[in-house]
Number of protein chains: 2
Amino acid sequence: MSKPATITDVARLAGVSITTVSRILNNKPDVAQATRQRVLDAIQQLNFTPHVQAQRLAAGKSQSIAVLYPSDSLGFTELEFEFFVGASQVATKAGFLFNLIVTPMNEQTLLNLYRSNQVDGVILMEVHLNDRRVAVLRERGYPFVLIGRCTENTGLSTIDLDFETAMLLACEHLYSLGHRHIGFTNLIGARAGYGPAIRSLWGYQRACEQFGIEPIYRELKPTIDELYRATEALLDEQPGMTAMITLHTGPLVGAIRAAQNRGLCVPDQFSIVGILSDQMAQFISPPLTAISFPAQLMGSRAAQMLIRKLQDADYEDKQVLLKPRLVIRDSTAPARTSER
Amino acid sequence: MSKPATITDVARLAGVSITTVSRILNNKPDVAQATRQRVLDAIQQLNFTPHVQAQRLAAGKSQSIAVLYPSDSLGFTELEFEFFVGASQVATKAGFLFNLIVTPMNEQTLLNLYRSNQVDGVILMEVHLNDRRVAVLRERGYPFVLIGRCTENTGLSTIDLDFETAMLLACEHLYSLGHRHIGFTNLIGARAGYGPAIRSLWGYQRACEQFGIEPIYRELKPTIDELYRATEALLDEQPGMTAMITLHTGPLVGAIRAAQNRGLCVPDQFSIVGILSDQMAQFISPPLTAISFPAQLMGSRAAQMLIRKLQDADYEDKQVLLKPRLVIRDSTAPARTSER
DNA sequence: AACGCTTTCGGTAGCGTTTCCAGTATATTG
DNA sequence: CAATATACTGGAAACGCTACCGAAAGCGTT
């Protein structure tokens with residue numbers, strides 16, 4: 001574990017000043033081709049790698065970004081993971097360090113992240129319509145992007161799935177299959193200001209109006225048990241219900257099991273549409289008809305936006321809204337005319 | 001985005017030298033109670049947070065660890081994710097930055113990670129029995145720990161699940177339910193030196209000997225399709241097979257579907273045992289009897305070991321082998337005496 | 001021959017900490 | 001009461017790099 005070579009060693013070996021070496025390291029102009037080669041050889045020979053802490057201290061930048069996913073929220077499924085992988089890949093490629101922070105942060109610790117130069121910018125997940133974190137960061141002018149949206153998004157960089165359209169698509173699909181009684185179990189938090197919940201509800205309500213069907217609605221916590229019980233309850237109360245949409249990702253099996261336990265075969269007697277990543281949808285039996293959740297894409301786009309924002313002083317903030325895509329698999333089927 | 005306060009500002013405001021402030025920041029002794037309070041007040045008042053890059057440069061430590069998960073290997077499931085979360089939580093709590101690196105690294109870039117002071121130590125995942133990375137790092141004396149094991153582990157810090165015992169447990173469970181023809185689909189790579197595959201195979205072979213049953217064995221890639229086809233093939237070739245164990249985590253549904261497609265109800269006519277995290281096992285229909293894979297625990301233990309190794313000069317390397325636990329759910333049932 | 005331009009390079013002052021060493025005042029000891 | 005230990009504090013040199021500024025050298029222009 002001998003001490004690694006420093007820029008001084010390289011300079012000495014190449015017979016130049018450290019300034020020149022620094023120029024080459026940072027691809028600055030004003031250096032003769034011959035000198036450049038000599039320095040590169042020296043670097044090679046010494047196995048030199050610049051000391052990142054020193055670089056960052058001198059440059060006044062941390063060259064790293066973080067994703068904040070407060071783990072007290074919904075827990076982890078593959079979906080969150082796909083966000084991280086997407087962001088991580090982009091960051092690494094752009095020469096940024098990627099930090100995943102799952103510990104919930106208060107305002108202080110959030111600001112300290114910037115003040116201590118730990119990160120140049122962050123990606124916020126699980127944002128609420130009226131998110132304190134957003135207010136605090138915006139006020140201080142610290143760079144960040146949101147996965148999700150707030151009520152007021154001007155001047156913010158956001159990326160989000162268009163949940164409203166997603167619900168429309170799902171309803172439309174089921175309606176066209178002949179279903180006229182379509183339930184919807186939403187994530188909890190529509191009242192508390194949780195974006196996906198609210199916007200999904202809007203979409204569902206609009207679809208119901210448009211198709212002239214009666215809403216059958218529940219909000220519940222994301223556990224298998226909750227969804228199981230809720231599905232049972234809905235089936236009891238709404239004997240005509242032949243299909244269901246749920247925003248719950250992992251716990252979705254609860255709905256399938258509840259239906260099957262009633263002797264309702266999915267999809268022949270009961271159709272289910274979810275919102276999941278393609279991989280997750282395939283890992284379920286039966287393979288799920290679902291709005292495809294492009295989590296990895298969203299993660300990488302978010303990282304791209306953030307990094308461009310950091311590098312390009314007059315980068316213009318954008319609010320990206322991804323068009324949802326419905327992938328039809330084996331959990332939806334035409335409604336039987338003579339129902340149950 | 002005004003410039004954050006520095007240690008000099010704090011020192012000036014408190015009327016002390018920066019040395020004293022530094023002492024307090026690092027909980028060093030030799031500072032009067034009154035002075036400490038005065039400085040703490042100043043820190044509070046200025047919202048001061050030490051500049052991490054500067055701290056690390058001066059201290060010669062990066063205070064960060066990384067997990068290397070080469071994404072070209074098996075892809076991502078919830079399982080990998082749980083590793084990361086476990087490690088990340090421990091790291092954050094210990095004041096370490098946590099870096100997730102999914103880009104595959106060659107020897108050079110791996111070493112550069114240390115040389116450039118980006119990390120103090122790493123956690124290696126997906127290690128092979130004869131892993132180049134291990135050789136390189138060991139030779140240089142760079143700190144690391146393994147999730148998994150090598151052939152020769154003396155002087156290494158490792159943590160691994162006892163796959164051999166795991167297979168014994170699974171077989172035992174099925175045997176005691178009356179199954180006498182038990183298939184096993186393994187991850188690919190037993191020959192190439194992939195630890196889990198090899199050790200599972202050993203366990204399976206031992207169990208077969210012990211219970212006097214005939215091995216029914218396949219190695220395949222971790223995709224749903226592969227597992228589906230393999231299960232079909234096994235059912236064709238081995239009409240007596242009433243149960244199956246698989247090391248494939250996510251794609252496991254392929255086996256379930258294949259059985260169900262044959263009209264074999266799981267578990268009444270066909271039993272399946274997997275190796276999954278508890279959460280994943282519950283997300284499958286039917287809830288899966290499985291060896292519980294304590295991924296999060298393993299991640300956090302690995303991080304703990306690494307950090308202790310970094311902080312404690314004479315820390316003794318340990319090879320931890322976690323005892324597996326079988327959780328019985330609804331995918332296994334007694335073998336029917338009059339089979340198919 | 002004097003001037004200015006371009007290209008290429010080096011000197012050096014930071015960046016914000018930690019840490020070693022030396023110093024002062026106070027307390028303890030024989 | 002001198003001598004020595006003890007508690008506390010400050011000065012200044014690193015840590016390894018970037019970035020500003022200025023200088024030297026080569027070349028064409030007037």
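In what follows, every chain begins at residue 1, and chains take the letters A, B, ... in the order their sequences are listed. Please read all numbers here as calculations on a predicted model, not as lab measurements.
- For the pair Q53(A) CD and dA14(D) C1', the computed distance is 16 Å after rounding to whole Å.
- In this structure, the nucleotide among dG10(C), dT17(C), dT9(D) sitting nearest to the side chain of H51(B) is dT17(C).
- OP1 or OP2 of dC9(C) has at least one side-chain nitrogen or oxygen of T35(A) nearer than 4.0 Å.
- Panel note: side chain T109(A), backbone M105(A); no donor-acceptor pair is recorded below 3.5 Å.
- Under 4.0 angstrom from either OP1 or OP2 of dT12(C) there lies no side-chain N or O belonging to T19(A).
- At the heavy-atom level, V16(A) lies under 4.0 Å from the strands shown only through sugar-phosphate atoms.
- In this structure, the CD atom of Q37(A) is 13 Å from the P atom of dC9(C), given to the nearest Å.
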Practice task
Take R149(A) and D160(A) through the test salt bridge (Lys or Arg N to Asp or Glu O under 4.0 Å) and record every step on the way to the result.
Solution key: CA-CA 7 Å; R149(A) 278 177 295 166; D160(A) 199 8; 3.1 Å; yes
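- Within 4.0 Å (heavy atoms only), R56(B) reaches no atom of the nucleic acid at all.
- Judged purely by atom type and a 3.5 angstrom limit, Q296(A) has no side-chain atom pairing as donor or acceptor with the backbone of M298(A).
- The listed nucleotides are dT19(C), dG11(D), dC15(D); the one nearest the side chain of S22(B) is dT19(C).
- Distance from the side chain of N26(B) is smallest for dT18(C) among the nucleotides dT17(C), dT18(D), dT18(C).
- Across all strands, T6(A) comes closer than 4.0 Å only to sugar-phosphate atoms, never to a base (heavy-atom distances).
- Side-chain contact of Q45(A) with D41(A): a donor-acceptor pair under 3.5 Å is absent, judged by distance alone.
- Within the nucleic acid shown, P29(B) has no heavy atom closer than 4.0 Å to any nucleic acid atom.
- Looking at the side chain of L57(B), the nearest of the listed nucleotides dT18(D), dT17(C), dG16(C) is dG16(C).
- As judged by a 4.0 angstrom heavy-atom cut-off over every strand, T20(B) is placed among residues touching the sugar-phosphate backbone only.
- Taking only side-chain nitrogens and oxygens, K28(A) never comes nearer than 4.0 Å to OP1 or OP2 of dT18(D).
- Counting to the nearest Å, the P atom of dA12(D) and the CD1 atom of I7(B) are 17 Å from each other.
- Regarding contacts with the backbone of dG16(D), every side-chain N or O of N117(B) stays at 4.0 angstrom or more from both OP1 and OP2.
- Y194(A) and H128(A) have tilted rings, their planes meeting at an angle from 30° to 60° on a 0 to 90° scale.
- Contact annotation: K61(A) does not reach the phosphate of dC15(C) (side-chain N/O to OP1 or OP2, under 4.0 Å).
- When each of A58(B) and V31(B) is assigned the nucleotide of DNA chain D with its nearest heavy atom, V31(B) is the one assigned upstream, toward the 5' end.
- Closest-nucleotide positions on DNA chain C for I18(A) and A32(A) were compared, and the one nearer the 5' end corresponds to A32(A).
- In this structure, R23(B) atom CZ and dT17(C) atom P are separated by 16 Å, rounded to whole Å.
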